[in-house]
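In this chain, numbering begins with 1 at the start of the sequence shown.
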Amino acid sequence: MARKPILLTFDDGPNPSSTLRILEVLAARSIVAVFFMVGKRLLNSDCRNTARTVAQLGHVVGNHTWHHTELTSLSNDCVREEILRAEDALGEFLTDFKLFRPPFGAMDERVRDLVMSLGYAPMLWNVDPLDWNSAYQPNTWVNLALQEIAGRRESLVLLHD
C-alpha cells in the first residue's frame, strides 16, 4: 500500500512546555513539521529559545503574524505591519522559502496578494481536527483527523501547540 503524503503543521506557538513535548514525539518518529509562530510570543526568552530549538531540529518555522489578529478586517498597512513585525522577531528562524499562515485561516484575495508581495507563500490546510476546541478530548480530535486523512490523497493537517 502506497503511503499518503501528510504534512503536520502547528499554529500559535511556541509554547515552551507543549512545543518541546511535540518535538520529542516528532523526533522519535523522524517527522519534520511546520510551526507557524506568533511573533509577539518571542518577546519571552523561553519562547525564543523554544523557537530556536524547533529550527535547530530541522523543522520549518512560518510566520503567523505578530498579534494573531484576523487580517481581513485590517487595513493594508496594518496587515503589512502584522507580518513584518513578526518577521523581525522570527527572522533568524525563517528559511529562504518563507511560509505564512493567516490566523483563523482568514485570507481573502487582498490579504493573499499582500502576503505574496512580502515574499511569503501562504499555506492553509485541508484537515482540521479541531484540537483547539476544549470540548473535544484528545481521542475525539485524533479520530477526526484520522477519518479526514483517510479520505484524502494528500493531507495538510492543522494542529496547535
Side-chain angles (χ1 to χ4, degrees), residues 5-27 30-133 141 145 148-149 152 154-161:
I6 300 170
L7 178 61
L8 301 180
T9 67
F10 296 89
D11 284 13
D12 302 349
N15 295 301
S17 60
S18 57
T19 303
L20 294 174
R21 287 196 316 260
I22 291 166
L23 292 172
E24 289 173 8
V25 172
L26 295 174
S30 300
I31 297 172
V32 175
V34 179
F35 288 80
F36 287 98
M37 298 186 183
V38 177
K40 185 177 180 182
R41 295 179 94 19
L42 273 69
L43 293 175
N44 175 293
S45 62
D46 289 339
C47 289
R48 177 164 284 287
N49 289 334
T50 301
R52 185 172 289 110
T53 300
V54 168
Q56 287 173 341
L57 291 174
H59 299 282
V60 176
V61 173
N63 188 327
H64 199 45
T65 72
W66 177 255
H67 287 108
H68 196 271
T69 299
E70 185 172 326
L71 300 178
T72 55
S73 64
L74 300 179
S75 70
N76 288 355
D77 287 342
C78 288
V79 170
R80 279 189 208 88
E81 182 179 344
E82 279 289 322
I83 295 168
L84 293 175
R85 193 165 178 200
E87 182 175 318
D88 285 343
L90 296 166
E92 69 179 283
F93 312 119
L94 298 175
T95 64
D96 290 338
F97 184 72
K98 299 186 305 185
L99 293 174
F100 177 82
R101 175 167 290 156
F104 316 106
M107 184 169 58
D108 55 19
E109 187 175 337
R110 176 185 65 90
V111 170
R112 188 190 76 240
D113 290 347
L114 286 167
V115 165
M116 293 175 67
S117 76
L118 294 172
Y120 283 90
M123 178 183 279
L124 293 176
W125 60 86
N126 63 6
V127 175
D128 180 2
L130 305 174
D131 65 319
W132 51 267
N133 188 334
W141 62 260
E148 286 191 43
I149 290 167
R152 300 184 181 285
E154 301 175 346
S155 297
L156 206 156
V157 184
L158 169 66
L159 299 164
H160 297 81
D161 61 338

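Partners of D161 according to the salt bridge (charged side-chain N to carboxylate O under 4.0 Å, His left out) rule, which considers only residues two or more places apart in sequence or in another chain, do not exist here. For the side-chain contact (heavy atoms from CB on, under 4.5 Å) test, residues two or more places apart in sequence or in another chain that qualify with D113 are E109. Every residue meeting the side-chain contact (heavy atoms from CB on, under 4.5 Å) condition with D128, not counting sequence neighbours, appears here in chain and number order: W125, L130, W132, L158. Every residue was checked against the side chain to side chain donor-acceptor pair (under 3.5 Å) condition with D88, not counting sequence neighbours, and none meets it. For L118, the side-chain contact (heavy atoms from CB on, under 4.5 Å) partners two or more places apart in sequence, or in a different chain, are R80, I83, L84, Y120. Contacts of T69 classified as side chain to side chain donor-acceptor pair (under 3.5 Å), with partners at least two apart in sequence or in another chain: none. With sequence neighbours excluded, no residue satisfies side chain to side chain donor-acceptor pair (under 3.5 Å) with S155. For R152, there are no side chain to side chain donor-acceptor pair (under 3.5 Å) partners two or more places apart in sequence or in a different chain. Here F35 pairs with F10, H59 under the ring pair (Phe, Tyr, Trp, His ring centres under 6.0 Å) rule; sequence neighbours left out. The side-chain contact (heavy atoms from CB on, under 4.5 Å) check on T53 picks up L20, L23, L57, with sequence neighbours excluded. The salt bridge (charged side-chain N to carboxylate O under 4.0 Å, His left out) search around E92 returns R48, R52, not counting sequence neighbours.
Shortest non-hydrogen contact noted between N126 and E148 is O-OE1, 3.5 Å. The two residues V79 and L71 make their nearest non-hydrogen contact at CG2-O, 3.5 Å. The minimum heavy-atom distance between A33 and L26, with the atom names listed, is CB-CD1, 3.9 Å. Looking at every heavy atom in both residues, C47 comes nearest to P16 through SG-CD, 3.7 Å. A pairwise comparison of heavy atoms in G105 and L124 identifies CA-CD2, 3.9 Å as the closest pair. Closest heavy-atom contact between A89 and W66: CB-CZ3, 3.8 Å.
Judged by distance alone, the side chain of R101 and the main-chain N or O of M123 form a donor-acceptor pair under 3.5 Å. Distance alone, capped at 3.5 Å, is enough to place a donor-acceptor pair between the E82 side chain and the H67 backbone. T9 places a side-chain N or O within donor-acceptor distance of the main-chain N or O of V157, the cut-off being under 3.5 Å.
How far NZ of K40 is from CG of L42: 12.5 Å, rounded to the nearest 0.5 Å. In this structure, CZ in F100 is found 11.0 Å from CD in E87, a value given to the nearest 0.5 Å. Distance check: T65 OG1 to L90 CG gives 9.5 Å after rounding to the nearest 0.5 Å. Rounded to the nearest 0.5 angstrom, I22 CD1 and L159 CG are separated by 7.5 Å.
Proximity of F36 to L99: side-chain heavy atoms (C-beta onward) are separated by under 4.5 Å at one or more points.
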Please step through side chain to side chain contact (heavy atoms under 4.5 Å, CB included) for the pair M37 and D12, ending with a clear verdict.
-> CA-CA 5 Å; M37 298 186 183; D12 302 349; over 6 Å; no
Evaluate the ring pair (Phe, Tyr, Trp, His ring centres under 6.0 Å) criterion for residues F104 and H68: first the C-alpha distance (whole Å), next the side-chain angles of each, then the deciding distance (0.1 Å), finally the verdict.
-> CA-CA 8 Å; F104 316 106; H68 196 271; 4.7 Å; yes
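For the residue pair H160 / D131, a side-chain donor-acceptor distance below 3.5 Å is found, with atom types taken as modelled.
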